[in-house]
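This report refers to the structure that appears directly beneath it.
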2 protein chains.
Amino acid sequence: MATGRTHRPATRSRGIPEATVARLPLYLRALTALSERSVPTVSSEELAAAAGVNSAKLRKDFSYLGSYGTRGVGYDVEYLVYQISRELGLTQDWPVVIVGIGNLGAALANYGGFASRGFRVAALIDADPAMAGKPVAGIPVRHTDDLEKIIKDNGVSIGVIATPAGAAQQVCDRLVAAGVTSILNFAPTVLSVPDGVDVRKVDLSIELQILAFHEQRKAGEETPAGDGALPAATPRAASADQGPDGDVPAVMPA
Amino acid sequence: MATGRTHRPATRSRGIPEATVARLPLYLRALTALSERSVPTVSSEELAAAAGVNSAKLRKDFSYLGSYGTRGVGYDVEYLVYQISRELGLTQDWPVVIVGIGNLGAALANYGGFASRGFRVAALIDADPAMAGKPVAGIPVRHTDDLEKIIKDNGVSIGVIATPAGAAQQVCDRLVAAGVTSILNFAPTVLSVPDGVDVRKVDLSIELQILAFHEQRKAGEETPAGDGALPAATPRAASADQGPDGDVPAVMPA
DNA sequence: TTCTGTGAAAAGTTTCACAGCA
DNA sequence: TGCTGTGAAACTTTTCACAGAA
């Protein structure tokens, strides 16, 4: 597999850990909500609670971005919104295409959190000729035949795949060949892509299976005998899910 | 105050790392495909490729479950399917409810990977009285008023929230109070739940933002010298993992 | 005083590399 | 021989705990 060693030890100022990157959108959402309520500053403790993490982690995360807080006071909400947006690349416009306009594709097209965050749905694409021209979420659906042209005309670099599993790899290949370098995959299949292309996947059934794993564990461990009624919100001691390994609800009513 | 989260001193065999649990569904899917093609055995190398991970990781993962392979040969597909299914708790039936039957809820209701994996949609629930009785994916939608009764009558312990953000916490509270102990949240909001309840979230806009971060980086840094024309082969090791769950779980415990 | 920013320790995860079984 | 299973090393992420700015 030739080529350079593992790139990116890059301990430059630009070395933001992946785990931190994955949490920035969470902070951003919490901050946006505060901003809308015109809250001027927020402490790491408050913001952490709103984002569902603990404050040490949040401070550490922010320390990778720079020193944007004020000791004894907290963080300036507006300023932090801007800094995180910039870090995430949301100060620019990202045209995206959604391929596969079934229920899921339609749900995505209708999803509001889109436009408000620097993303713009440049086109909806489906293989069914019967759908062509019909508007979904106010955007006319276009046929797969035009995929390459759409990508190029709009300078799209992010594609969302919401097709059935069987079509996903092929769609992916076409997107990549046309110039897309980031893909969000909702189809339950592993995509293979060339180096330099990012793929993230969202998979409902995997999430459910992980829940089932923990659920099973809860049922198996410590269940006190009999007790026909459901324990519902009874605060369980040591919490069964915490057992195997972390997966701790970081959010606590506390 | 609470704390006192004791640490499991790497106890007995039941200590499967969370990262491993998150990959088991992936292996299971690849194995199921092999099983359908009547492939009798598979090596760690082949299975790893199909699941989009490397073989050392796969072997390590399986070592937490037990020694189910045969040296010099590989793994028996059927046996492994069974062992992983059992480990994940998929040998039992999990009734789930989906709350919020918009486009997304409908997409979830129609999602096939459901039934085939030990999950059964026990009910669809929506707050809109106009939807009540109308079938979606062959299942009649019921009104939110009946939520508690539905949960109890069906012994539901897993709930899926696909409502707008504003309704999510309230729905969550009702689910939990009625006995649900695992929640899959699609609403873009942080849920707070009592100890002992697991929440996993799936958030489209977060995934897109993470992609945007990497996309921005690609555009920014780039070649050390010559500026190649096409990105496709740019040797960036950063996060070009093919396939699944590259580095950071797409979903985090709440 | 209050709250950030951060070294250092701990915990968790991945990768390496090879012993040893079929 | 060919492949699994696994210690040990390398790396990543989280947590602790406290110095120091406002």
Side-chain angles (χ1 to χ4, degrees), chain A residues 1 5-11 13 15-24 27 41-49 51-77 79-80 83 242-250, chain B residues 3-11 13 15-24 27 41-49 51-77 79-80 83 237-239 241 244-249 252-253:
Chain A
M1 51 229 351
R5 308 273 37 202
T6 351
H7 257 216
R8 206 59 10 149
T11 320
S13 51
I16 303 179
E18 195 53 36
T20 295
V21 171
R23 281 187 295 266
L24 292 181
Y27 302 142
T41 61
V42 66
S43 69
S44 63
E45 201 70 56
E46 294 163 331
L47 183 54
V53 304
N54 72 52
S55 65
K57 196 185 282 181
L58 176 144
R59 288 199 303 278
K60 189 60 135 183
D61 283 343
F62 286 179
S63 79
Y64 294 116
L65 308 184
S67 292
Y68 297 146
T70 305
R71 292 170 199 237
V73 177
Y75 301 90
D76 181 277
V77 172
Y79 185 55
L80 204 44
Q83 290 299 343
Q242 156 96 304
D245 274 311
D247 200 298
V248 204
Chain B
T3 24
R5 204 94 288 155
T6 339
H7 272 144
R8 199 100 336 168
T11 331
S13 51
I16 302 179
E18 193 55 34
T20 294
V21 171
R23 282 188 295 266
L24 292 181
Y27 301 143
T41 60
V42 67
S43 69
S44 62
E45 202 70 56
E46 295 164 328
L47 183 55
V53 303
N54 73 51
S55 65
K57 197 186 281 182
L58 177 144
R59 288 200 302 279
K60 189 60 137 185
D61 283 342
F62 286 179
S63 80
Y64 294 116
L65 307 183
S67 291
Y68 296 145
T70 306
R71 289 167 201 241
V73 178
Y75 301 90
D76 182 276
V77 172
Y79 186 55
L80 204 45
Q83 290 298 343
S239 55
D241 286 52
D245 135 28
D247 10 64
V248 171
M252 311 147 61

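Just so we're on the same page: letters track the sequence lines, and every chain starts at 1. Being a predicted model, the structure only gives us computed values, none of them experimental.
Annotation: side-chain hydrogen bond (donor to acceptor under 3.5 Å, both in side chains) contacts of Q83(B) (sequence neighbours excluded): Y68(B), Y79(B), R86(B). Partners of Y75(B) according to the ring-ring contact (aromatic ring centres under 6.0 Å, His included) rule, which considers only residues two or more places apart in sequence or in another chain, are F62(B). Qualifying side-chain contact (heavy atoms from CB on, under 4.5 Å) partners for A49(B), counting only residues two or more places apart in sequence or in other chains: none. The side-chain hydrogen bond (donor to acceptor under 3.5 Å, both in side chains) search around T41(B) returns none, not counting sequence neighbours. Remark: S63(B) pairs with K60(B) by the side-chain contact (heavy atoms from CB on, under 4.5 Å) rule, at least two apart or across chains.
In this structure, the CZ atom of F62(A) is 10 Å from the P atom of dT4(C), given to the nearest Å. The separation between Y64(A) atom OH and dT12(D) atom P is 11 Å, rounded to whole Å. In this structure, L47(B) atom CG and dG5(D) atom P are separated by 12 Å, rounded to whole Å. As rounded to whole Å, 16 Å separates atom C1' of dT6(C) from atom CD1 of I16(A). Per the geometry, CD belonging to E18(B) stands 21 Å off P belonging to dT12(D), to the nearest Å. Per the geometry, CD belonging to E46(B) stands 12 Å off C1' belonging to dG2(D), to the nearest Å. Per the geometry, CG belonging to L58(B) stands 16 Å off P belonging to dT13(C), to the nearest Å. Here the P atom of nucleotide dG5(D) and the CG atom of D61(B) are 12 Å apart, to the nearest Å.
At a threshold of 4.0 angstrom between heavy atoms, the contacts of Y75(A) are confined to the sugar-phosphate backbone, with no base atom among them.
Considering only heavy atoms from C-beta on, D61(A) stays 4.5 Å or farther from V53(A) through its side chain. Contact check for T70(A) versus D76(A): no side-chain heavy atoms found under the 4.5 Å cut-off.
In terms of position along DNA chain D, the nucleotide closest to V73(B) lies nearer the 5' end than the nucleotide closest to the other residue of the pair S63(B) and V73(B).
At dC3(C), none of the side-chain N or O atoms of S44(A) fall inside 4.0 Å of OP1 or OP2 (strictly under the cut-off). The phosphate of dA22(C) (OP1 or OP2) has no side-chain N or O of T70(B) nearer than 4.0 angstrom.
With distances taken from any side-chain atom of S43(B) to the nucleotides dT14(D), dG5(C), dC3(D), the minimum falls on dC3(D).
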Identify all pairs in which a protein N or O lies below 3.5 Å from an N or O of nucleotides 15-19 of chain D, and state each distance.
from    : atom 1 : to     : atom 2 : distance (Å)
dT15(D) : OP2    : N54(A) : ND2    : 2.6

